[in-house]
Amino acid sequence: MNRTLIFVKPDGVRRGLVGEIISRFEKRGIRIVGLKMLHPTRELAEQHYAVHREKPFFESVVNFITSGPVVVMVLECPNAIEVTRQMMGATNPINAAPGTVRGDFGLDIE
């Protein structure tokens, strides 16, 4: 079994999508081994996105992720990273296939 970390970001929480997103993982047979709602601090956001620090979108990503509460999940299943990436869809919702989380609910890349 492998584990991966998934966020429902502030816009998904505001739009009331948490239950639907959790349901999709559960229906797939993925086990939720941790679940928490929190409002990320700037420090936590900067640590989480540190790999992108020098990129032009870093500031806007940090501002976005700290704009409201997020739901953080630790999911477990065989090939967890690959399976959840497939279910989430392409990073840019415009390119995400219908039936994926981003394809069905994503509005913009941030």
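Predicted model, so just to flag it, every value in this text is computed and none were measured. Numbers for residues simply follow the sequence, beginning at 1.
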Novice: Is Arg24 reaching over with its side chain to a backbone N or O of Gly99, donor-acceptor style, under 3.5 angstrom?
Specialist: yes

Novice: So, taking the atom named CD1 in Ile6 and the one named CE in Met87, what distance separates them when rounded to the nearest 0.5 Å?
Specialist: 9.0 Å

Novice: State whether Glu76 and Arg28 are salt-bridged, where the test is any N-O pair (Lys NZ or Arg NE/NH1/NH2 against Asp/Glu carboxylate O) under 4.0 Å.
Specialist: no

Novice: Which heavy atom of Pro10 sits nearest a heavy atom of Gly68, and at what distance?
Specialist: CG-O, 3.7 Å

Novice: Would you call Asp108 and Arg102 a salt bridge, using N to O less than 4.0 angstrom?
Specialist: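 Judged by the 4.0 Å cut-off on N to carboxylate O distance, Asp108 and Arg102 do not form a salt bridge.
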
Novice: Do Ser23 side-chain atoms and Gly19 backbone N/O form a donor-acceptor pair below 3.5 Å?
Specialist: no

Novice: Just so I know, are the side chains of Asp11 and Leu107 near enough to count as touching, which here means a heavy-atom distance under 4.5 Å?
Specialist: no

Novice: Nearest 0.5 Å, please: how far is SG in Cys77 from CZ in Arg31?
Specialist: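 Arg31 atom CZ to Cys77 atom SG measures 11.5 Å (nearest 0.5 Å).
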
Novice: Is it the case that more than 12 heavy atoms not belonging to Lys36 sit under 6.0 Å from its NZ atom?
Specialist: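 Not buried by this count: 12 neighbours or fewer within 6.0 Å.
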
Novice: From Ile32 CD1 over to Leu75 CG, what is the distance, rounded to the nearest 0.5 angstrom?
Specialist: 6.0 Å

Novice: So if you build clusters from Ile, Leu, Val, Met, Phe, Trp, Tyr with side-chain heavy-atom gaps below 4.5 Å, do Phe25 and Leu5 land together?
Specialist: no

Novice: Is atom CD1 of Ile94 surrounded by more than 12 heavy atoms (other residues, nucleotides or ligands) closer than 6.0 Å?
Specialist: no

Novice: Show the numbers, then the answer: is there a side chain to side chain contact (heavy atoms under 4.5 Å, CB included) between Val83 and Ile30?
Specialist: CA-CA 9 Å; Val83 169; Ile30 298 170; 3.9 Å; yes

Novice: Who are the ring pair (Phe, Tyr, Trp, His ring centres under 6.0 Å) partners of Phe58, not counting sequence neighbours?
Specialist: none

Novice: Kindly give the heavy-atom pair with the smallest separation between Ala96 and Gly103, and that separation in Å.
Specialist: CB-N, 3.4 Å

Novice: How long is the span from the CZ atom in Arg3 to the CE atom in Met73, to the nearest 0.5 Å?
Specialist: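 Here the rounded value is 14.5 Å.
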
Novice: Check the hydrophobic clustering (I, L, V, M, F, W, Y; side-chain heavy atoms under 4.5 Å; chains of links allowed) and say if Leu35 and Val33 are grouped together.
Specialist: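 No: no chain of side-chain contacts under 4.5 Å links Leu35 to Val33.
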
Novice: Parallel under 30°, tilted from 30 to 60°, perpendicular over 60°: which one fits the rings of His48 and Phe7?
Specialist: parallel

Novice: With rounding to the nearest 0.5 angstrom, report the CZ to OH distance, Phe57 to Tyr49.
Specialist: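 It comes to 9.5 Å.
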
Novice: Quick one: do Ile22 and Val8 satisfy side chain to side chain contact (heavy atoms under 4.5 Å, CB included)? Show the steps, please.
Specialist: CA-CA 9 Å; Ile22 289 171; Val8 179; 5.8 Å; no

Novice: Can you list the steps and then say if Met37 with Val13 is a side chain to side chain contact (heavy atoms under 4.5 Å, CB included)?
Specialist: CA-CA 9 Å; Met37 179 181 269; Val13 173; 3.9 Å; yes

Novice: Does CD in Glu54 sit with more than 12 non-hydrogen atoms of other residues, nucleotides or ligands closer than 6.0 Å?
Specialist: no

Novice: Taking the side chain as every heavy atom from C-beta outward, state whether Phe105 and Thr100 have any pair of such atoms under 4.5 Å apart.
Specialist: no

Novice: What about Val101 and Val72, same hydrophobic cluster or not, with Ile/Leu/Val/Met/Phe/Trp/Tyr joined at side-chain heavy-atom distances under 4.5 Å?
Specialist: no

Novice: Tell me whether Arg14 contacts the main-chain N or O of Pro69 through its side chain, where contact means a donor paired with an acceptor under 3.5 Å.
Specialist: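 Not confirmed, Arg14 side chain does not pair with Pro69 backbone.
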
Novice: Does Asn79 offer a backbone N or O that forms a donor-acceptor pair with the side chain of Asn2 under 3.5 Å?
Specialist: yes

Novice: Check whether any side-chain heavy atom of Val70 sits under 4.5 Å from a side-chain heavy atom of Ile65, and report yes or no.
Specialist: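 Yes, close enough: below the 4.5 Å cut-off.
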
Novice: So does Ala80 get a backbone contact from the side chain of Thr84, meaning a donor-acceptor N/O pair under 3.5 Å?
Specialist: yes

Novice: Drop me the distance from Ile21's CD1 to Glu26's CD, to the nearest 0.5 angstrom.
Specialist: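 It comes to 12.5 Å.
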
Novice: What pair of heavy atoms forms the shortest contact from His39 to Thr66, and how long is it?
Specialist: NE2-O, 2.8 Å

